[in-house]
Amino acid sequence: MDKSYKKFLKDITTFVFDVDGVFTDGSVLVDNSGELLRTMNVKDGYALKTALTKGYKVCIITGGTNEGVRKRLMGLGVTDIYMGSHFKIETLNDYLDIHKIDLKNILYMGDDIPDIPPMQVVGLATCPQDAVPEVKAVSTYISHKVGGTGCVRDVIEQVLKVRGDWMTHFSATND
């Protein structure tokens, strides 16, 4: 694995994530009422909550519109959740304008074609191991974890460790 991505970790203050294929394995379970159900990894939840507690910004940009996903992420403390976004670069630009964040301070993790435009402009473009080939081609770092199995934690933990913010407290958190 190319270690050149590590030089970017110290500059990251903001995490931007897609949902399906990143927080989830990309599959959906359809119940009898037509509700689409997803599974998320609690280790990702712990890392996300830790990053927020340490003052990092977290933004979710997803094409999906599942309110259960919104509730889960809000329960972890995420307030910047953009759902139904089909032009993710526009959503990212709006978020950056609101929060006055420099692109070099952004880590973006996506797994599919709609994630490519924002990945091409951020400081550190990352993806899960099972991302589509086109996304892997524009990623500076490809996690050893597949979507839904801890790839979010992988990138958050690496940034927080480099910046001295990982395991500096042992408070109980609900993940």
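Placement of Val22 and Ile113 in two distinct hydrophobic clusters is found when ILVMFWY residues are connected by side-chain heavy-atom separations under 4.5 Å, directly or transitively. Leu103 is not connected to Ile12 by any chain of hydrophobic side-chain contacts under 4.5 Å among Ile, Leu, Val, Met, Phe, Trp and Tyr, and they are in different clusters. In the hydrophobic clustering of this structure, Val162 groups with Leu52; members are Ile, Leu, Val, Met, Phe, Trp, Tyr whose side-chain heavy atoms approach within less than 4.5 Å, directly or through other members. Cluster membership check: Val58 shares its hydrophobic cluster with Leu160, using side-chain heavy-atom separations under 4.5 Å among Ile, Leu, Val, Met, Phe, Trp and Tyr. Criterion: ILVMFWY side-chain heavy atoms under 4.5 Å apart, direct or through other members. Under it, Ile89 and Val122 are part of a common hydrophobic cluster.
Looking at heavy atoms from C-beta onward, Phe23 lies out of side-chain contact with Arg72 at the 4.5 angstrom threshold. No side-chain heavy atom of Ile106 sits less than 4.5 Å from a side-chain heavy atom of Val121. Put simply, the side chain of Asn41 does not reach to within 4.5 Å of the side chain of Arg153, judged on heavy atoms. At least one side-chain heavy atom of Met40 sits less than 4.5 Å from a side-chain heavy atom of Val19. Between Thr13 and Arg163, the closest side-chain pair of non-hydrogen atoms falls below 4.5 Å. Side-chain atoms of Ile116 and Val135, non-hydrogen and from C-beta on, do get closer than 4.5 Å to each other.
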Run the numbers on Tyr82 and Asp94 for side chain to side chain donor-acceptor pair (under 3.5 Å), then give the verdict.
CA-CA 10 Å; Tyr82 299 88; Asp94 290 345; over 6 Å; no
Next item on the list: Show your reasoning for whether side chain to side chain contact (heavy atoms under 4.5 Å, CB included) applies to Ile156 and Thr50.
Entry: CA-CA 9 Å; Ile156 290 175; Thr50 300; 5.9 Å; no
task: Take Tyr95 and Ile101 through the side chain to side chain contact (heavy atoms under 4.5 Å, CB included) test and state the conclusion after the steps.
output: CA-CA 8 Å; Tyr95 175 76; Ile101 301 167; 3.6 Å; yes
* To do: Determine, step by step, whether Val69 and Thr62 satisfy the side chain to side chain contact (heavy atoms under 4.5 Å, CB included) criterion, reporting the C-alpha distance in whole Å, the side-chain angles of both residues, the deciding distance to 0.1 Å, and the verdict.
  => CA-CA 10 Å; Val69 169; Thr62 179; 5.7 Å; no
- Task: Apply side chain to side chain contact (heavy atoms under 4.5 Å, CB included) to the pair Leu9 and Leu124, showing each step before the final yes or no.
- Result: CA-CA 8 Å; Leu9 297 176; Leu124 182 55; 3.6 Å; yes
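Under 4.0 Å is where a charged nitrogen must lie from a carboxylate oxygen, and between Lys161 and Glu157 at least one such pair does.
The main-chain N or O of Gly147 is never found under 3.5 Å from a side-chain atom of Asp25 such that the two would form a donor-acceptor pair.
The aromatic rings of Tyr56 and Phe15 sit tilted relative to each other, their planes meeting at an angle between 30° and 60°.
Considering CG of Asn66 and CD of Glu35, their distance stands at 5.5 Å, rounded to 0.5 Å. To the nearest 0.5 Å, the span separating OG1 on Thr91 from NE2 on His86 amounts to 9.5 Å. Note: Ser27 OG to Leu36 CG = 11.0 Å, rounded to the nearest 0.5 Å. Taking OG from Ser143 and CG from Asp111, the interatomic distance works out to 12.0 Å, rounded to the nearest 0.5 Å. We find the CD-OG1 distance between Glu67 and Thr65 to be 7.5 Å, quoted to the nearest 0.5 Å. Taking CG of Asp44 as the start and NZ of Lys49 as the end, the distance is 14.5 Å to the nearest 0.5 Å.
The nearest pair of heavy atoms linking Met109 to Val152 is SD-N, 4.3 Å. Shown here for Lys100 and Asp97, the closest heavy-atom pair between the two residues is NZ-O, 2.8 Å. The nearest pair of heavy atoms linking Val155 to Phe17 is CG2-CE2, 3.9 Å. The shortest heavy-atom contact between Ser85 and Ile61 is OG-CG2, 3.6 Å. For the residue pair Gly110 and Ala131, the shortest heavy atom distance occurs at O-CB, 4.4 Å. Residues Asp18 and Lys88 approach most closely at OD1-NZ, 3.0 Å, considering heavy atoms.
Enclosure of atom NZ in Lys136 by more than 12 non-hydrogen atoms of other residues, nucleotides or ligands within 6.0 angstrom is indicated.
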